[in-house]
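One structure below.
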There are 2 protein chains.
Amino acid sequence: MLSQVAPSEDLVFFRPHQFLARENEQPDGLFHIQEGWACRYRMLSNGRRQITALYLPGDCCEPCWALGRPSTQPVVALTNIRAKKAPCRMSGALFADSRQSFWKSLADSYERQANWLVTLGRKTAMERLSHLLLELFERMRQSGLAYGQQCALPLTQMDIADITGLTPVHVNRTLQAMRARGLVELQAKWLRIPDLGILREIAALDATETLA
Amino acid sequence: MLSQVAPSEDLVFFRPHQFLARENEQPDGLFHIQEGWACRYRMLSNGRRQITALYLPGDCCEPCWALGRPSTQPVVALTNIRAKKAPCRMSGALFADSRQSFWKSLADSYERQANWLVTLGRKTAMERLSHLLLELFERMRQSGLAYGQQCALPLTQMDIADITGLTPVHVNRTLQAMRARGLVELQAKWLRIPDLGILREIAALDATETLA
DNA sequence: CGTATTTTTGACCGTTATCAAAAAGGGTGG
DNA sequence: CCACCCTTTTTGATAACGGTCAAAAATACG
C-alpha cells in the first residue's frame, strides 16, 4: 500500500500522492531519492497548505529523521519516485562512510529553511518566485540534471503557490509578468532561465545565499 | 570589542545590538545562553529585516554552527546576555556528554523553523502573533521562567514585526484587537495569556506542534 | 527633567486574495 | 485517431488584509 518493493531489496518506488512518511510517524529509514520529486507540507483549516521542503533527485529525505524523533509533517510524492532506503540509526556506525554527506544534507536543509523564512516573511510575489526558480535550477544543476540554462520542473502552479505562500491565481499572473519581461521561460514542466544574474537580482537574494 | 571576558574564562557577556556572530564568519564556539535573548536575522534592500531564530535562556546558539559551516546570518543580542561559550568540534569527543542535549537543540531548532514556514506562508496577522506568543511562553515555561500564565517578553513591537513578517503598525493594531478580546495581556515587556487553549485555537496550530 | 525610543492613531493606498468561469492541456479508452 | 474527462492554466471583476506615510502620545532612560 505504501510502496512496492523492487528487485533490489532497498529500492523503493512511489507514485504521485503516495506518502513517504505520515504525520507523527517514526520512519524506519531515510530515503535517498534517485529519481522524482517529493515534498513535506502541513495542512491548515480552510484547506490552506504550506509546503516546507522539497526533495529532488540526489537529496536525502529526511535528514531530520535521523535525529530520532517522529516526523511531524507528512512527506508525499509529487511525481513517480525511485529511492534507496537506508536505515537511520544515528548512533550506530551506519553513517560511518556517509557521515559527511549526511551532515551536509542536514546543514543544507536547515539553511534552506532559514532562507525561506526570509522570503516568506518579507518578499514580494515576484521575488518569491524568482527565489524558487533559481533554487530549483541550481539544485538540479548541482545534481547534473540541468542542461545549459534549463532543467525539468515537474510542479503545478498550485504546488508553486503552496511553496511560495501565494494563491495559484497570483502565481499565474506573476509568472506571466516574468515571462513578459523575459526573465524566465516555463512551460510543459520545463524551466529555462535566460539570465541567472538578472533573476538573482530580482530575487533580492543575499550575496551569501548559495541556493545549493 | 565583541565581548568582555568574565571571571570564569568561558563566560561571556553581550549588550543589546552586540553581535554574537557576524555574517559569513565561522564561530569558534557555541553559546549556551544563561540569561537574555538574542536573534538571528537577515537584512534585505529597503531596510526590510526578517528574524529567523530567537535564542532564549537555556538555548544553544547556534546548533548549526557545529555542523561545520560559517553562519550565513548574523546573530545579535536583543537584551543583555550572559552565556557560556563551548568549543564546537563536532567530530571530537567534546559533545560526548552533552551529545543528547545538542541533538535535541538542533532538532528543536529545525522543527521550529519548519513550523514558522507554515505560519509565514499561510497565516493571518492574528494567527502569527498568537503562534509567536504561545511559543515564547511555552519555551520560557520549559526553562522554568514562567510564573503561572505569565513570563517576561523583552521584545519591542518592531522586533515582533520582524519575526512575524508584518509591519510594526499592523502588529500594534492586531495586538490591540487581541487585548480587546481578552486573548493576551502584553505590556511593559511582560506577557500574560489568560487561556492557553483559546489562544492555541486562534493560532491555528497543528495538534502535533509542541512549540517547545 | 530632557531626550530618545516605543507605542499609538489616522488617512489612504496597493498587493494579493477571492470567487467564478472559460480556455487549454493531458491522459485514457473506444 | 478521436471523444471524453479531468486537471491545469488563464482571464475577469471585486474585495480585503495588510502596508505606507506622517505625526502625536506615551514610555523608558540617563
Side-chain angles (χ1 to χ4, degrees), chain A residues 15-17 37 44-50 76-80 119-133 152-180 184-191 202 204, chain B residues 15-17 37 44-50 76-80 119-133 152-180 184-191 202 204:
Chain A
R15 312 200 141 272
H17 305 117
W37 292 32
L44 301 177
S45 53
N46 323 74
R48 288 177 291 180
R49 180 173 83 144
Q50 178 64 43
V76 76
L78 293 168
T79 68
N80 285 324
T119 291
L120 293 179
R122 291 301 188 197
K123 294 193 186 174
T124 65
M126 195 176 288
E127 287 169 339
R128 295 180 197 204
L129 287 171
S130 302
H131 177 176
L132 178 63
L133 299 180
L153 204 159
L155 299 175
T156 66
Q157 291 184 5
M158 191 170 154
D159 294 329
I160 294 176
D162 288 339
I163 298 167
T164 54
L166 303 166
T167 56
V169 173
H170 199 62
V171 165
N172 183 281
R173 293 189 164 124
T174 307
L175 281 176
Q176 286 180 56
M178 293 175 72
R179 280 191 277 247
V184 298
E185 291 164 39
L186 179 54
Q187 56 189 312
K189 308 288 179 254
W190 198 253
L191 167 70
I202 294 200
Chain B
R15 312 200 139 274
H17 305 116
W37 293 30
L44 300 178
S45 52
N46 323 73
R48 287 177 291 180
R49 180 174 82 144
Q50 178 64 43
V76 77
L78 294 168
T79 68
N80 285 324
T119 291
L120 292 179
R122 290 300 187 197
K123 293 192 186 175
T124 65
M126 195 175 288
E127 289 169 337
R128 295 180 196 202
L129 287 172
S130 302
H131 177 176
L132 178 64
L133 299 180
L153 204 160
L155 299 174
T156 66
Q157 291 184 4
M158 190 170 155
D159 293 330
I160 294 176
D162 288 340
I163 297 166
T164 54
L166 303 166
T167 57
V169 172
H170 200 60
V171 166
N172 183 281
R173 292 188 164 126
T174 307
L175 281 176
Q176 286 180 55
M178 295 175 71
R179 279 190 278 247
V184 297
E185 291 164 39
L186 179 54
Q187 56 189 308
K189 307 285 179 255
W190 198 255
L191 168 69
I202 294 202

Completion exercise
Angle separating the five-pair end axes of the helix from dC1(C)-dG30(D) to dG30(C)-dC1(D), nearest 10°, is 60°
Completion exercise
Paired with D162(A), the side chain to side chain donor-acceptor pair (under 3.5 Å) test is passed by just one of R49(A), Q50(A), Q157(A), namely R49(A)
Exercise for the section: Scan T174(A) against the nucleic acid and name what it touches under 4.0 Å (heavy atoms): base, sugar-phosphate only, or nothing. Expected result: nothing
Problem - Side chain of T167(A) (C-beta onward), nearest among dT11(D), dA17(C), dT20(D) - result: dA17(C)
Practice task
Taking only the side-chain heavy atoms of Q157(B) (C-beta and beyond), determine which of dT6(C), dT8(C), dG19(D) contains the nearest atom.
Solution key: dT8(C)
Practice task
Would you classify R179(A) as touching base, sugar-phosphate or nothing, given that sugar-phosphate means primed atoms plus P, OP1 and OP2, and contacts are heavy atoms under 4.0 Å?
Solution key: sugar-phosphate
Problem - Atom pair distance, as rounded to whole Å: CG in L155(B) and C1' in dT5(C) - result: 16 Å
Practice task
Without swapping roles, check the side chain of R15(A) against the backbone of L78(A) for a donor-acceptor pair under 3.5 Å.
Solution key: no
Practice task
Count the heavy atoms of every other residue, nucleotide or ligand shown that sit under 6.0 Å from CD of Q187(B), and state whether that count exceeds 12.
Solution key: no
Practice task
Using a 4.0 Å heavy-atom cut-off across all strands, classify T156(A) as base, sugar-phosphate, or nothing.
Solution key: sugar-phosphate
Practice task
With the side chain of L166(B) defined as its heavy atoms from C-beta on, choose the nearest nucleotide among dG19(D), dT8(C), dT16(C).
Solution key: dG19(D)
Practice task
Measure from CD on Q176(B) to P on dT6(C) and round the result to the nearest Å.
Solution key: 18 Å
Exercise for the section: Report yes if the side chains of K123(A) and S130(A) come closer than 4.5 Å at any heavy-atom pair, otherwise no. Expected result: no
Handout entry: Min side-chain heavy-atom separation L186(A)-R179(A) under 4.5 Å
Key = yes
Practice task
Could you check which of dT7(C), dT11(D), dT16(C) has an atom nearest any side-chain atom of K189(B)?
Solution key: dT7(C)
Exercise for the section: Look at the side chain of R173(B) and the base of dG10(C), then say whether one donor and one acceptor between them are separated by less than 3.5 Å. Expected result: yes
Completion exercise
Testing dT16(C), dG19(D), dT9(C) for proximity to the side chain of N172(B), the answer is dT9(C)
Exercise for the section: Determine the sole option in I202(A), V184(A), L175(A) for which the side-chain contact (heavy atoms from CB on, under 4.5 Å) test with L129(A) is passed. Expected result: L175(A)
Problem - Evaluation steps, side chain to side chain contact (heavy atoms under 4.5 Å, CB included), between K189(B) and L155(B) - result: CA-CA 7 Å; K189(B) 307 285 179 255; L155(B) 299 174; over 6 Å; no
